[in-house]
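For reference, the structure is listed below as structure tokens.
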Amino acid sequence: MVSDRRTECICEANAGGSDLVQVTDLVKFFPVRGGVFQQVCKWVKAVDSVSFGIPAGRTLGLVGESGCGKTTVGRVALRLIPATRGQVIFEGNDVLRANKRQMKDIRRKMQIIFQDPHSSLDARMRVGDSIGLGLYVHGMRNASQRREVVREMLEKVGLEEYHADRYPNEFSGGQLQRIGIARVLALNPRFIVCDEPVSALDVSIQSQILNLLRDLQEEMELTYLFVAHNMSVVKHMSDRIAVMYLGKIVELASRDELFSKPTHPYTQALMSAIPVKHPRDPKDHPILSGDVPSPLKPPTGCHFHPRCRHVMERCREQEPEMREIGPDHQARCWLCSS
Ligand code: SF4
């Protein structure tokens with residue numbers, strides 16, 4: 001059964017074009033209501049014209065500080081929250097415009113691993129039932145078949161068959177995240193949004209979960225959008241990396257290119273947050289100061305200008321576009337385009 005499921009997955013992965021997932025000009029604005037009649041008085045631009053593609057079997061890392069909109073990108077791309085506008089193409093299907101029947105099939109193939117494994121599982125359900133629930137919803141009505149898939153999935157994530165009969169409160173954080181991954185894998189997905197999957201875990205457990213995700217990707221030809229705020233984690237997991245700031249991608253490049261030639265001042269500042277081997281070792285770039293501005297009132301011109309050490313007059317007035325600055329390397333900064 002395992003080999004059948006895997007063969008189906010690999011054949012489908014090779015059948016499409018170059019990108020399994022293509023996101024184009026994705027926009028998500030949240031309304032802010034106020035006044036006596038609670039009318040919309042402002043808009044929070046959480047995601048503003050975000051575009052990227054992810055080839056089958058690859059990982060795009062999406063990195064930035066808290067509140068930059070990276071989690072919203074993942075959720076809008078999966079249509080867990082509605083987009084304001086834009087396009088998400090998955091296996092040739094327009095996800096944001098798919099009807100209910102099409103969406104059921106798309107949802108099985110596009111899954112998400114949440115940051116907090118505790119709150120993503122129902123405390124009153126045995127974990128075997130939680131893993132099997134998605135299978136039931138997607139048409140597997142035979143209980144012994146479901147039990148067999150649950151057993152396979154628990155084994156895949158490094159747990160044992162008897163764990164299926166236990167409740168979430170009997171597991172550690174790392175084990176719960178393994179169960180969350182097993183629940184997603186049971187549906188045989190092709191694309192998974194990993195939404196800060198190790199941020200809530202102890203450091204000692206993080207690398208185990210990251211390595212598990214990488215092994216599963218290779219084994220099942222999975223495609224990941226890996227959302228995180230930690231540059232080291234993103235470097236470990238990603239083939240390409242998109243750096244987000246205040247709802248926009250400001251730099252996009254292959255992992256090696258980004259780490260050898262970080263070009264946008266914000267990317268350079270994020271690099272400076274990576275711990276060095278020794279406290280006396282020099283940092284290549286200065287530490288970033290100040291907080292992310294409110295998306296309710298973003299700065300004029302380049303949104304990064306109040307925190308940028310290279311700021312020029314032009315930056316305060318005109319917003320730079322995303323430009324090609326090298327092979328498979330784009331950045332949004334006047335320094336890169338003039
Ligand atoms: Fe800094 Fe100007 Fe580049 Fe923005 S456009 S990152 S303010 S140099």
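Both ligands and their constituent atoms are indexed starting at 1 by order of listing. Small disclaimer: the values here were computed from a predicted structure and weren't measured.
- Between I89 and D19, the closest side-chain pair of non-hydrogen atoms is not below 4.5 Å.
- Counting heavy atoms from C-beta on, the side chains of V23 and Q87 never come closer than 4.5 Å.
- A salt bridge between E155 and R151 is present, with a side-chain N of the basic residue lying under 4.0 Å from a carboxylate O of the acidic one.
- Annotation for ligand 1: atoms under 4.0 Å from non-hydrogen atoms of H264 are 6 (S).
- Side chains of R178 and Q208: a donor on one and an acceptor on the other come within 3.5 Å.
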Side chain to side chain contact (heavy atoms under 4.5 Å, CB included) evaluation trace for M322 with V250: CA-CA 7 Å; M322 202 72 166; V250 296; 5.9 Å; no

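- Pairs passing the salt bridge (charged side-chain N to carboxylate O under 4.0 Å, His left out) check and including a residue from residues 24-51, sequence neighbours excluded, read D48-K248.
- Protein N/O/S atoms found under 2.8 Å from atom 2 (Fe) of ligand 1: C315 SG.
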